[in-house]
Amino acid sequence: MDRTNGSTQSHFILLGLFKHTGLHLFLFTVVLTIAISSLVGNALMILLIQQDLWLHTPMYFLLSQLSLMDIMLVSTTVPKMAADYLTGIKSISTAGCGLQIFFLPTLGGGECFLLAAMSYDLYVAVCHPLRYPMLMSWPLCLRMTVGSWFLGAADGLIQAVVALSFPFCNRREIDHFFCEAPTLVRLACADTSVFENVMYICCVLMLLVPFCLILTSYSLILAAVLRMRSTEARKKAFATFSSHMAVVGLFYGAAIFIYMRPKSYRSAHHDKVVSAFYSIFTPMLNPVIYSLRNSEVKGSLKMWLGKCANIKHHQTWSCSR
(Lines give C-alpha, C1' and ligand atoms only; values in the text may rest on other atoms or scores of the structure.)
Protein backbone atom coordinates (compact mmCIF):
# COMPACT_ATOMS: atom_id res chain seq x y z
CA MET A 1 0.00 0.00 0.00
CA ASP A 2 1.45 3.39 -1.08
CA ARG A 3 1.23 6.78 0.56
CA THR A 4 1.38 10.08 -1.20
CA ASN A 5 4.59 11.29 0.45
CA GLY A 6 6.18 7.94 1.10
CA SER A 7 5.81 4.24 0.41
CA THR A 8 5.19 1.23 2.58
CA GLN A 9 6.34 -1.17 -0.15
CA SER A 10 8.89 -3.65 1.15
CA HIS A 11 11.05 -3.82 -1.97
CA PHE A 12 12.98 -1.76 -4.52
CA ILE A 13 13.59 -2.25 -8.25
CA LEU A 14 17.19 -2.49 -9.52
CA LEU A 15 17.29 -1.27 -13.12
CA GLY A 16 20.53 -3.17 -13.66
CA LEU A 17 23.65 -2.75 -15.76
CA PHE A 18 22.60 -4.52 -18.99
CA LYS A 19 19.67 -4.53 -21.39
CA HIS A 20 18.42 -7.53 -23.35
CA THR A 21 20.31 -6.87 -26.59
CA GLY A 22 22.94 -8.92 -28.38
CA LEU A 23 25.77 -6.59 -27.37
CA HIS A 24 24.68 -6.44 -23.75
CA LEU A 25 24.32 -10.23 -23.63
CA PHE A 26 27.94 -10.49 -24.77
CA LEU A 27 29.04 -7.92 -22.14
CA PHE A 28 27.07 -9.78 -19.48
CA THR A 29 28.89 -13.00 -20.40
CA VAL A 30 32.24 -11.21 -20.19
CA VAL A 31 31.43 -9.71 -16.78
CA LEU A 32 30.18 -13.06 -15.46
CA THR A 33 33.38 -14.75 -16.69
CA ILE A 34 35.49 -12.08 -14.96
CA ALA A 35 33.52 -12.52 -11.74
CA ILE A 36 33.96 -16.31 -11.77
CA SER A 37 37.68 -15.88 -12.51
CA SER A 38 37.90 -13.46 -9.60
CA LEU A 39 36.30 -15.94 -7.21
CA VAL A 40 38.51 -18.81 -8.38
CA GLY A 41 41.71 -16.72 -8.38
CA ASN A 42 41.19 -15.29 -4.91
CA ALA A 43 40.11 -18.64 -3.48
CA LEU A 44 43.24 -20.20 -4.96
CA MET A 45 45.36 -17.43 -3.41
CA ILE A 46 43.90 -18.13 0.03
CA LEU A 47 44.43 -21.89 -0.46
CA LEU A 48 48.09 -21.43 -1.46
CA ILE A 49 48.79 -19.17 1.53
CA GLN A 50 47.14 -21.64 3.91
CA GLN A 51 48.89 -24.70 2.41
CA ASP A 52 52.44 -23.33 2.13
CA LEU A 53 54.21 -22.83 5.47
CA TRP A 54 56.73 -20.49 3.82
CA LEU A 55 53.85 -18.08 3.14
CA HIS A 56 52.74 -17.95 6.79
CA THR A 57 54.05 -14.41 7.26
CA PRO A 58 52.27 -11.12 8.05
CA MET A 59 52.59 -9.99 4.42
CA TYR A 60 50.79 -13.04 3.04
CA PHE A 61 48.27 -13.07 5.86
CA LEU A 62 47.27 -9.53 4.86
CA LEU A 63 47.13 -10.66 1.24
CA SER A 64 44.81 -13.53 2.20
CA GLN A 65 42.53 -11.03 3.93
CA LEU A 66 42.52 -8.91 0.76
CA SER A 67 41.50 -11.98 -1.24
CA LEU A 68 38.75 -12.77 1.29
CA MET A 69 37.40 -9.22 1.00
CA ASP A 70 37.46 -9.47 -2.80
CA ILE A 71 35.56 -12.78 -2.74
CA MET A 72 32.91 -11.27 -0.49
CA LEU A 73 32.75 -8.09 -2.60
CA VAL A 74 32.06 -10.03 -5.80
CA SER A 75 29.59 -12.31 -4.00
CA THR A 76 27.65 -9.31 -2.68
CA THR A 77 26.81 -7.90 -6.11
CA VAL A 78 27.27 -10.38 -8.97
CA PRO A 79 24.85 -13.22 -8.03
CA LYS A 80 21.96 -10.78 -7.63
CA MET A 81 22.88 -8.93 -10.84
CA ALA A 82 23.08 -12.19 -12.79
CA ALA A 83 19.80 -13.52 -11.38
CA ASP A 84 18.01 -10.26 -12.21
CA TYR A 85 19.28 -10.29 -15.80
CA LEU A 86 18.53 -13.97 -16.45
CA THR A 87 15.09 -14.09 -14.80
CA GLY A 88 13.90 -10.54 -15.46
CA ILE A 89 12.84 -10.25 -11.81
CA LYS A 90 14.62 -7.09 -10.69
CA SER A 91 13.07 -6.53 -7.29
CA ILE A 92 15.14 -6.60 -4.11
CA SER A 93 13.72 -6.63 -0.59
CA THR A 94 14.43 -3.83 1.86
CA ALA A 95 16.45 -6.29 3.96
CA GLY A 96 18.44 -7.40 0.92
CA CYS A 97 19.08 -3.80 -0.05
CA GLY A 98 20.21 -3.05 3.49
CA LEU A 99 22.64 -5.99 3.44
CA GLN A 100 24.21 -4.77 0.20
CA ILE A 101 24.53 -1.24 1.60
CA PHE A 102 26.19 -2.70 4.71
CA PHE A 103 28.62 -5.06 2.99
CA LEU A 104 29.85 -2.74 0.23
CA PRO A 105 31.25 -0.01 2.55
CA THR A 106 32.41 -2.72 4.97
CA LEU A 107 34.48 -4.42 2.29
CA GLY A 108 35.44 -1.28 0.35
CA GLY A 109 36.36 0.70 3.46
CA GLY A 110 38.08 -2.29 5.02
CA GLU A 111 40.14 -2.73 1.86
CA CYS A 112 41.26 0.92 2.04
CA PHE A 113 42.73 0.39 5.51
CA LEU A 114 44.06 -3.07 4.65
CA LEU A 115 45.99 -1.66 1.69
CA ALA A 116 47.48 0.93 4.07
CA ALA A 117 48.53 -1.91 6.41
CA MET A 118 50.08 -3.77 3.47
CA SER A 119 52.02 -0.65 2.46
CA TYR A 120 53.42 -0.38 6.00
CA ASP A 121 54.38 -4.06 5.91
CA LEU A 122 56.20 -3.53 2.60
CA TYR A 123 57.91 -0.40 3.96
CA VAL A 124 59.27 -2.32 6.96
CA ALA A 125 60.35 -5.28 4.78
CA VAL A 126 62.25 -3.03 2.33
CA CYS A 127 63.56 -0.24 4.58
CA HIS A 128 64.10 -2.11 7.87
CA PRO A 129 64.49 -5.82 7.01
CA LEU A 130 66.57 -6.66 10.10
CA ARG A 131 63.95 -5.13 12.41
CA TYR A 132 60.99 -6.67 10.56
CA PRO A 133 60.04 -9.22 13.28
CA MET A 134 59.84 -6.40 15.83
CA LEU A 135 58.24 -3.66 13.70
CA MET A 136 55.76 -6.01 11.98
CA SER A 137 54.96 -8.54 14.68
CA TRP A 138 52.02 -10.92 14.51
CA PRO A 139 50.07 -9.10 17.26
CA LEU A 140 50.42 -5.83 15.34
CA CYS A 141 49.40 -7.55 12.09
CA LEU A 142 46.29 -8.99 13.73
CA ARG A 143 45.37 -5.62 15.28
CA MET A 144 45.66 -3.89 11.89
CA THR A 145 43.55 -6.60 10.26
CA VAL A 146 40.82 -6.46 12.91
CA GLY A 147 40.92 -2.66 12.79
CA SER A 148 40.41 -2.68 9.02
CA TRP A 149 37.36 -4.95 9.30
CA PHE A 150 35.95 -2.98 12.24
CA LEU A 151 36.28 0.48 10.65
CA GLY A 152 34.74 -0.77 7.41
CA ALA A 153 31.88 -2.49 9.26
CA ALA A 154 31.18 0.62 11.36
CA ASP A 155 30.89 2.73 8.21
CA GLY A 156 28.68 0.13 6.51
CA LEU A 157 26.36 -0.20 9.51
CA ILE A 158 25.88 3.57 9.83
CA GLN A 159 25.19 3.96 6.10
CA ALA A 160 22.68 1.08 6.03
CA VAL A 161 20.75 2.16 9.14
CA VAL A 162 20.54 5.85 8.21
CA ALA A 163 19.82 5.32 4.49
CA LEU A 164 16.91 2.96 5.20
CA SER A 165 15.47 5.24 7.89
CA PHE A 166 14.23 7.78 5.31
CA PRO A 167 10.69 7.60 3.89
CA PHE A 168 10.74 6.71 0.18
CA CYS A 169 8.48 7.95 -2.58
CA ASN A 170 6.28 5.76 -4.75
CA ARG A 171 8.93 5.47 -7.46
CA ARG A 172 11.33 2.97 -5.95
CA GLU A 173 13.52 2.32 -8.98
CA ILE A 174 17.26 2.34 -8.30
CA ASP A 175 19.31 3.15 -11.40
CA HIS A 176 22.08 0.73 -10.50
CA PHE A 177 22.79 -3.01 -10.39
CA PHE A 178 23.14 -3.06 -6.59
CA CYS A 179 22.00 -1.00 -3.62
CA GLU A 180 24.32 1.68 -2.31
CA ALA A 181 23.51 4.57 0.00
CA PRO A 182 24.25 7.51 -2.39
CA THR A 183 21.90 6.06 -5.02
CA LEU A 184 19.20 5.01 -2.58
CA VAL A 185 18.84 8.38 -0.81
CA ARG A 186 17.97 10.01 -4.15
CA LEU A 187 14.59 8.22 -3.84
CA ALA A 188 13.87 9.64 -0.37
CA CYS A 189 10.92 11.97 0.19
CA ALA A 190 12.77 13.85 2.94
CA ASP A 191 15.68 16.27 3.06
CA THR A 192 18.84 14.14 2.91
CA SER A 193 21.38 16.93 2.45
CA VAL A 194 22.85 16.61 5.96
CA PHE A 195 23.30 12.86 5.60
CA GLU A 196 24.79 13.22 2.11
CA ASN A 197 27.27 15.85 3.29
CA VAL A 198 28.30 13.78 6.30
CA MET A 199 28.58 10.66 4.14
CA TYR A 200 30.73 12.58 1.63
CA ILE A 201 33.08 13.77 4.39
CA CYS A 202 33.33 10.24 5.83
CA CYS A 203 34.09 8.77 2.40
CA VAL A 204 36.76 11.40 1.76
CA LEU A 205 38.38 10.67 5.13
CA MET A 206 38.22 6.89 4.65
CA LEU A 207 39.86 7.29 1.25
CA LEU A 208 42.36 10.09 1.86
CA VAL A 209 43.72 9.09 5.28
CA PRO A 210 44.82 5.57 4.19
CA PHE A 211 45.84 6.95 0.78
CA CYS A 212 48.17 9.50 2.40
CA LEU A 213 49.69 6.75 4.56
CA ILE A 214 50.16 4.62 1.45
CA LEU A 215 51.81 7.45 -0.50
CA THR A 216 54.15 8.17 2.41
CA SER A 217 55.15 4.50 2.71
CA TYR A 218 55.65 4.10 -1.02
CA SER A 219 57.71 7.29 -1.29
CA LEU A 220 60.08 5.95 1.39
CA ILE A 221 60.12 2.53 -0.28
CA LEU A 222 60.95 3.99 -3.69
CA ALA A 223 63.77 6.06 -2.22
CA ALA A 224 65.17 2.96 -0.49
CA VAL A 225 64.90 0.83 -3.65
CA LEU A 226 66.76 3.42 -5.72
CA ARG A 227 69.58 3.46 -3.13
CA MET A 228 70.09 -0.33 -3.25
CA ARG A 229 73.48 -1.37 -4.65
CA SER A 230 72.57 -4.95 -5.44
CA THR A 231 70.88 -5.23 -8.83
CA GLU A 232 69.12 -8.46 -7.84
CA ALA A 233 67.79 -6.99 -4.57
CA ARG A 234 66.64 -3.85 -6.39
CA LYS A 235 64.87 -5.93 -9.04
CA LYS A 236 63.06 -8.09 -6.45
CA ALA A 237 62.05 -5.10 -4.31
CA PHE A 238 60.84 -3.13 -7.32
CA ALA A 239 58.76 -6.11 -8.56
CA THR A 240 56.96 -6.31 -5.21
CA PHE A 241 56.64 -2.52 -5.05
CA SER A 242 55.17 -2.24 -8.56
CA SER A 243 52.58 -4.97 -7.86
CA HIS A 244 51.42 -3.13 -4.74
CA MET A 245 51.24 0.15 -6.67
CA ALA A 246 49.15 -1.45 -9.42
CA VAL A 247 46.60 -2.77 -6.90
CA VAL A 248 46.41 0.54 -5.03
CA GLY A 249 46.13 2.57 -8.22
CA LEU A 250 43.28 0.49 -9.63
CA PHE A 251 41.30 0.38 -6.40
CA TYR A 252 41.74 3.99 -5.31
CA GLY A 253 41.34 5.39 -8.81
CA ALA A 254 37.88 3.86 -9.14
CA ALA A 255 36.87 4.62 -5.53
CA ILE A 256 37.91 8.28 -5.76
CA PHE A 257 36.00 8.64 -9.04
CA ILE A 258 32.85 7.22 -7.43
CA TYR A 259 32.85 8.85 -4.00
CA MET A 260 34.82 12.12 -4.25
CA ARG A 261 33.17 13.77 -7.25
CA PRO A 262 30.77 16.67 -6.62
CA LYS A 263 27.09 15.82 -7.17
CA SER A 264 26.90 18.08 -10.22
CA TYR A 265 29.44 15.88 -12.05
CA ARG A 266 27.76 12.57 -11.28
CA SER A 267 26.14 10.36 -13.91
CA ALA A 268 24.20 7.18 -13.20
CA HIS A 269 25.70 5.48 -16.26
CA HIS A 270 29.28 6.37 -15.32
CA ASP A 271 28.69 5.32 -11.71
CA LYS A 272 27.46 1.88 -12.81
CA VAL A 273 30.41 1.29 -15.14
CA VAL A 274 33.03 2.38 -12.60
CA SER A 275 31.27 0.45 -9.82
CA ALA A 276 31.48 -2.68 -11.99
CA PHE A 277 35.18 -1.97 -12.47
CA TYR A 278 36.11 -1.72 -8.78
CA SER A 279 33.65 -4.36 -7.50
CA ILE A 280 34.17 -7.03 -10.20
CA PHE A 281 37.18 -6.33 -12.43
CA THR A 282 39.71 -5.13 -9.81
CA PRO A 283 39.18 -8.18 -7.52
CA MET A 284 40.13 -10.41 -10.48
CA LEU A 285 43.35 -8.47 -11.08
CA ASN A 286 44.61 -8.64 -7.48
CA PRO A 287 45.59 -12.35 -7.47
CA VAL A 288 46.88 -12.08 -11.06
CA ILE A 289 49.12 -9.11 -10.21
CA TYR A 290 50.46 -10.66 -7.02
CA SER A 291 51.04 -14.12 -8.49
CA LEU A 292 52.71 -12.98 -11.70
CA ARG A 293 54.96 -10.46 -9.94
CA ASN A 294 55.81 -12.61 -6.92
CA SER A 295 58.28 -15.50 -7.20
CA GLU A 296 57.23 -17.00 -3.85
CA VAL A 297 53.58 -17.24 -4.89
CA LYS A 298 54.53 -18.66 -8.30
CA GLY A 299 56.78 -21.21 -6.60
CA SER A 300 53.99 -22.21 -4.22
CA LEU A 301 51.54 -22.54 -7.14
CA LYS A 302 53.96 -24.77 -9.10
CA MET A 303 54.51 -26.94 -6.01
CA TRP A 304 50.77 -27.28 -5.42
CA LEU A 305 50.10 -28.13 -9.08
CA GLY A 306 52.90 -30.69 -8.92
CA LYS A 307 51.34 -32.35 -5.87
CA CYS A 308 47.94 -32.46 -7.61
CA ALA A 309 49.53 -34.01 -10.73
CA ASN A 310 51.33 -36.63 -8.62
CA ILE A 311 48.13 -37.53 -6.78
CA LYS A 312 46.23 -37.87 -10.07
CA HIS A 313 49.04 -39.98 -11.56
CA HIS A 314 49.09 -42.23 -8.48
CA GLN A 315 45.31 -42.71 -8.63
CA THR A 316 45.47 -43.55 -12.34
CA TRP A 317 48.28 -46.03 -11.75
CA SER A 318 46.39 -47.67 -8.88
CA CYS A 319 43.23 -48.05 -10.97
CA SER A 320 45.16 -49.62 -13.85
CA ARG A 321 46.64 -52.37 -11.66
Side-chain angles (χ1 to χ4, degrees), residues 42 45 49 55 57-70 73 107-137 140-145 147-149 151-152 203-260 274 277-278 281-298:
N42 282 289
M45 184 69 72
I49 293 171
L55 301 183
T57 64
M59 171 185 172
Y60 290 105
F61 177 76
L62 293 174
L63 180 56
S64 70
Q65 293 297 301
L66 180 67
S67 292
L68 177 60
M69 288 183 176
D70 284 338
L73 187 61
L107 300 169
E111 206 160 308
C112 288
F113 291 104
L114 191 66
L115 289 172
M118 293 174 69
S119 72
Y120 170 76
D121 173 80
L122 184 61
Y123 159 73
V124 175
V126 173
C127 299
H128 303 284
L130 299 179
R131 300 173 61 195
Y132 183 87
M134 181 179 64
L135 296 177
M136 191 59 192
S137 62
L140 176 60
C141 176
L142 293 175
R143 284 197 296 269
M144 290 193 296
T145 303
S148 299
W149 282 98
L151 291 172
C203 288
V204 169
L205 291 175
M206 290 192 71
L207 285 171
L208 289 187
V209 171
F211 191 59
C212 290
L213 294 175
I214 291 170
L215 287 181
T216 301
S217 296
Y218 284 176
S219 298
L220 297 172
I221 292 168
L222 183 59
V225 169
L226 294 176
R227 288 197 302 267
M228 289 180 176
R229 295 182 179 180
S230 170
T231 304
E232 186 64 28
R234 189 189 304 122
K235 183 179 179 181
K236 182 178 179 181
F238 193 77
T240 306
F241 170 75
S242 61
S243 65
H244 279 249
M245 280 298 295
V247 171
V248 170
L250 290 169
F251 180 79
Y252 272 92
I256 288 173
F257 182 85
I258 287 288
Y259 294 107
M260 291 184 60
V274 178
F277 183 85
Y278 87 81
F281 186 62
T282 302
M284 182 201 69
L285 291 180
N286 288 346
V288 173
I289 290 172
Y290 279 106
S291 61
L292 292 180
R293 302 291 293 177
N294 192 302
S295 59
E296 293 175 329
V297 174
K298 286 191 290 186

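- Of all heavy-atom pairs spanning Ser217 and Tyr123, the tightest one is CB-CB, 4.2 Å.
- A heavy-atom distance below 4.5 Å is not found between the side chains of Asn42 and Met69.
- When all heavy atoms of Cys141 and Met136 are compared, the pair lying nearest together is CB-CE, 3.9 Å.
- The distance from atom CG of Leu226 to atom CD1 of Ile221, rounded to the nearest 0.5 Å, is 12.0 Å.
- Looking only at side-chain heavy atoms (C-beta outward), Ile49 and Phe61 stay at 4.5 Å or farther from each other.
- Two residues are said to be in side-chain contact when any heavy atoms from C-beta on lie closer than 4.5 Å; Gln65 and Met144 fail this criterion.
- For the atom pair CG (Leu215) and CG (Leu222), the distance works out to 11.5 Å, reported to the nearest 0.5 Å.
- Shown here are the side chain to side chain donor-acceptor pair (under 3.5 Å) partners of Ser148, two or more places apart in sequence or in another chain: there are none.
- Considering CE of Met45 and CG of Leu55, their distance stands at 9.5 Å, rounded to 0.5 Å.
- Side-chain contact between Phe251 and Asn286 is absent, with no heavy-atom pair separated by less than 4.5 Å.
- With values rounded to the nearest 0.5 angstrom, Leu208 atom CG is found 11.0 Å from Ile214 atom CD1.
- Inter-residue side-chain proximity for Thr216 and Phe211 is flagged as unmet; no heavy-atom pair is nearer than 4.5 Å.
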Exercise answer: donor-acceptor pairs, residues 112-122 side-chain atoms, under 3.5 Å, sequence neighbours excluded:
{"unit_1": "Ser119", "atom_1": "OG", "unit_2": "Ala116", "atom_2": "O", "d": "2.6"}
{"unit_1": "Tyr120", "atom_1": "OH", "unit_2": "Leu135", "atom_2": "O", "d": "2.9"}
{"unit_1": "Asp121", "atom_1": "OD1", "unit_2": "Tyr132", "atom_2": "OH", "d": "2.4"}

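- In this structure, the ring pair (Phe, Tyr, Trp, His ring centres under 6.0 Å) partners of Tyr218, at least two apart in sequence or on a different chain, are Phe241.
- Separation of atoms CG (Leu73) and OG (Ser67) is listed at 12.5 Å; rounding is to 0.5 Å.
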